[in-house]
Amino acid sequence: MSWQSRAITAICSLVLIYLVGYLLKRRKLEPEYALLWLMTGVVLIILALWENLLFLVTDLIGAKLAASTMFFFALIFLGAIALHYSVKISQLEKRVRRLTQELSIMKDEAKNEQTKPQ
Amino acid sequence: MKFLIIIPAYNEAKNLPELLEELKRLYPSVPVLVVDDGSRDLTPQIAREHGALTVSHISNLGYGGGLETGYLYALSHGYDAVAQMDADLQHDPKSLGPMLEKFSAEDLDLLIGSRFISNEGYKVPTGRKMVIRFLSILTWMCTHKWITDPTSGYQILSSRVLKVLVGNLPPDFPDADVLTGLTLSGFKIGETPVVMRERKVGFPQVRGLRALYYLYKLPLSIFLAFWRRGM
C-alpha cells in the first residue's frame with residue numbers, strides 16, 4: 001500500500017474522529033452511539049500508520065493486498081454500526097408502540113371521565 | 001427551604017419498605033418521590049403503600065432517566081432543592097439530616113455525600129475504589145477541584161442546578177462528568193461524609209459489560225465537559 005494511500009486513510013480517520021468529537025461536544029450525538037465510530041477511526045489510523053502491523057494482519061486474513069485489509073476492517077465496523085442501529089431502532093419501535101398505547105388509554109379515560117353523567 | 005427526596009427505583013420492592021419507613025420516621029415533613037423506572041415487580045404499589053409519591057415510567061429509561069423525571073417533578077412543583085438517594089439501602093438515611101443542614105447553611109448548589117472522607121461503614125471493593133480514584137484525578141485535571149467521591153449518588157441539588165441538568169443529564173451514568181460540567185459552569189459544590197451500608201438485596205448497576213462501557217464513557221464525557229467548559 002503506497003504512503004499516499006496510507007496518509008489519506010490516516011487523515012480521513014482523523015477527520016472522522018474530530019467530527020464525532022465535535023458532534024459529541026454539541027450534544028448532537030450520545031457517547032453510546034459514538035463508540036463504534038471512534039473505534040473505526042482509531043483502528044484505521046493504527047493500520048495506516050503502523051505498516052508492519054498492516055502487513056501482518058493482511059497475511060493473517062489471507063488477503064493479497066494491504067488495501068483489502070483496510071476495506072475489510074472498514075466494512076466490519078460499518079456492518080457492526082448498522083447492526084447496532086437495527087437493534088436500537090427495534091427497541092425504539094417497541095417503546096413508541098407502548099407509549100402510543102398507554103397515551104391512547106389515558107386520553108380515552110380522560111374523555112370518558114369528562115362525558116360521564118353527573 | 002422546600003426539599004423533596006427523590007429515589008429512582010428499578011425492581012426495588014424488597015428494599016423500599018425499610019427505606020421509606022426509616023425516612024418517614026426521621027424526616028416526617030419531607031415528601032419522598034419514588035421514580036419507578038419500569039419495574040417488573042410491585043415497586044410503585046409498595047412505594048404508595050408506604051406513603052411515598054410515585055411516578056412510573058412505562059419503560060426502562062435508565063438511572064439518569066429516572067433522576068431526570070424526579071428533577072422535572074421537583075421543578076414543576078416548586079421545590080427549592082432535592083435530595084437524591086438510591087433505593088438499595090446502601091445510603092444511610094441518618095446521614096441526610098446533617099447533609100440538609102450543611103447544604104442550607106453553606107448555601108451550596110450541590111452537596112455530595114462522600115464515602116471516602118470518614119471511611120466508615122461498608123468498604124468499597126479495591127477495583128471500584130481504583131476506578132473512583134481515577135475519576136477523581138480526571139475531574140481534578142479538568143476543574144482543579146478535588147472531589148473524593150465523584151460517583152456518589154447520594155446528593156442534594158438546588159433548583160438552579162436542576163434547571164441546567166434537565167435535558168442534559170446522561171441517561172445511563174450521571175457521575176463525575178456531570179460534576180465536572182457543573183464545577184466548570186461555576187456552581188458551588190461541596191462534600192460531606194456519609195456512611196455507606198452493605199447492599200441487602202439486588203446487584204450493583206455497573207457490572208459485566210456495562211463496567212467496560214462505563215470505563216469508556218466516563219473519561220470521554222469528562223473530557224467533553226472540559227471541552228464545553230461547562231454543562
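Below, chains carry the letters A, B, ... as their sequence lines are ordered, and counting in each starts from 1.
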Chain A heavy atoms under 4.5 Å from [X]: which part of the residue, side chain, backbone, both or neither?
X	result
B/L218	neither
B/P171	side chain
B/I58	both

Could you tell me which portion of A/L35 (side chain, backbone, both or neither) has an atom closer than 4.5 angstrom to a non-hydrogen atom of chain B?
both

Let me know if A/R98 has heavy atoms under 4.5 Å from chain B in its side chain, its backbone, both or neither.
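For A/R98, heavy atoms of backbone and side chain both lie under 4.5 Å from chain B.
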
Please step through side-chain hydrogen bond (donor to acceptor under 3.5 Å, both in side chains) for the pair B/T143 and B/T180, ending with a clear verdict.
CA-CA 6 Å; B/T143 63; B/T180 304; 5.9 Å; no

Side-chain donor-acceptor pair under 3.5 Å between B/S39 and B/E12, yes or no?
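No, no side-chain donor-acceptor contact under 3.5 Å.
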
Would you please say whether a donor-acceptor pair under 3.5 Å links the side chains of B/Y63 and B/D86?
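Yes.
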
Could you have a look at A/E30, A/K94, A/E32 and say which one has the most heavy-atom pairs with chain B under 4.5 angstrom?
A/E32

Can you confirm if the NZ or CZ of B/R210 lies within 45° of the ring axis of B/Y214 and under 6.0 Å from the centre of its six-membered ring?
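Judged by the rule (NZ or CZ under 6.0 Å from the ring centre, within 45° of its axis), B/R210 is not positioned above B/Y214.
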
Parallel, tilted or perpendicular: ring planes of B/Y216 versus B/Y213, cut at 30 and 60 degrees:
tilted

